[in-house]
There are 2 protein chains.
Amino acid sequence: MAETAQQIADDLRARIDSGEFAPGDRLPGEPALVRQYGVAKMTANGALKILVAEGIAQARTGSGTYVREFKPIVRDAVKRLARSQWALGSSIWSADVEDRPRDVADLDVSEIEAPKWVARALGLNEGATVICRSRLYLVEGEPVQSAISYLSADLVRDTQIAQPDTGPGGTFKRLEEIGSAPERFEEDLRARMPSAEEAERLQVPAGTPVVEIYRTAFTGDGRPIEVNRMLLDAGSYVMRYRFES
Amino acid sequence: MAETAQQIADDLRARIDSGEFAPGDRLPGEPALVRQYGVAKMTANGALKILVAEGIAQARTGSGTYVREFKPIVRDAVKRLARSQWALGSSIWSADVEDRPRDVADLDVSEIEAPKWVARALGLNEGATVICRSRLYLVEGEPVQSAISYLSADLVRDTQIAQPDTGPGGTFKRLEEIGSAPERFEEDLRARMPSAEEAERLQVPAGTPVVEIYRTAFTGDGRPIEVNRMLLDAGSYVMRYRFES
DNA sequence: AAGTGGTCTAGACCACATT
DNA sequence: ATGTGGTCTAGACCACTTT
């Protein structure tokens, strides 16, 4: 009795790992922990907070604290390589069905002065303007990713890329039509905790990191043509890459 | 006066973003916050804890709470594509010098019964045995990544792969010598908060996620030959991928 | 010795959800 | 109406680091 918050959390974690509490199950609440371990309410609260911060549990005010589940969407960055070339059953995480209802929200197109890092990534002069297209992706009504892409305004201002609806085939098809088809891509990924605004926008529960991806698209002759900054809810995604040699 | 912990944290975060506190700087301590905002010590502690949990700050007991820095190592998964083919200056994050002293620790080789997910990934029967090689990578003496790779024991038991020192060229060279050169790779990435043991092993500060990578290596004819589970300190890495089409 | 973060108690109030 | 998590207070003790 009279344990510390960390010890209570360790105990609960062990009981979760043992299968005593399955994903979706409700954990003992604060009053129960106060009784069972003989601690103050705030200590019990602290124990549950530790599990929430670890992403193991999820608190629902007024209801209880529940064991969290992980059903990722597989984000396959290199789709062109036919899956058949690869061995079967190699997936580590049980991929979610790809048929979940998807949606796009907050679509916005604007022309702005290029931020420094964008100018650098696109090889533009200081003060050049870019078309930026931002959007929010939803799966089953829940936001899972935000994206904002930047293209040289001089290059695409007069194309459909500067319009909310880019038309059939999208941005890349339009780029191809003006002789700037993207052929090579580079993605830089970083994982970190979200800021308060990011957590709000993506509706990520506490204890869930985000994955920040910067994708630069290059033409066949090596010109950077687009930069796309994506922010993914790490609790909703598995990123997949395939490469050779 | 009499603000909430979240509000104090928001205030401090804004002051960090504004540049008032630079990376490495010491933030106002608990007593200072108690005075300035007129709150209880525990509330001041809570405010600093929020910043630490967000990975923005780092607490050093007995000394103070400091603004954190991000100097990543670039982990380039696809090194074969010559960098020269690509445009320059496209890097988003200021990459750290690649010349920092690296080290490997806790090298361990053993033969075990394949865990279920390993058997599935390698296409082995239930109960097959695998050679597993685990190691811990250090940079400047700090652990940044743990890795454990699995290979069919029947295939590599009699090679140097089953020895602590795999010899010149390493595991892949030895595989090539037995006609099983890895040619294709698949990496599945996921970001999440570390468990207590993982945080301990990688020495990650609170508020830092880890990146879990499962890499499967395939031979030219599509046989899975190795699975490697890596765990990276997200505060130390940027993952880079390049691909075409 | 003084200052720092870390943690706990015991009691209080709030907003919210479930019954 | 009751139970839940969320948060704050005021005071206490500890381990650690800095001076």
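Below, chain A is the first sequence line, B the second, and so on; all start at residue 1.
Applying the side-chain hydrogen bond (donor to acceptor under 3.5 Å, both in side chains) rule to Arg229(A) yields the partners Glu212(A), Tyr214(A); only residues at least two apart in sequence or on another chain are considered. By the side-chain hydrogen bond (donor to acceptor under 3.5 Å, both in side chains) test, Ser236(B) is found to be paired with Asp233(B), residues two or more places apart in sequence or in another chain being considered.
In this pair, Tyr150(A) and Trp117(A) present their aromatic rings perpendicular. The plane angle is above 60°, beyond the 30 to 60° band.
Checked for salt-bridge contact, Glu187(B) and Arg75(B) meet the test: a charged N lies under 4.0 Å from a carboxylate O.
With a 6.0 Å cutoff to the six-membered ring centre and a 45° limit on the axis angle, Arg190(A) does not count as a cation-pi contact of Tyr237(B).
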Please list, pair by pair, any protein nitrogen or oxygen found under 3.5 Å from a nitrogen or oxygen in nucleotides 1-8 of chain C.
residue, atom, partner, partner atom, Å
dG3(C), N2, Gly62(B), O, 3.3
dT4(C), O2, Gly62(B), N, 3.4
dG5(C), OP2, Glu30(B), N, 2.8
dG6(C), O6, Lys41(B), NZ, 3.4
dT7(C), OP2, Lys49(B), NZ, 3.0
dC8(C), OP1, Thr4(A), OG1, 2.2
dC8(C), OP1, Ala5(A), N, 2.6

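The CG atom of Leu33(A) sits 14 Å away from the C1' atom of dG3(D) (whole-angstrom rounding).
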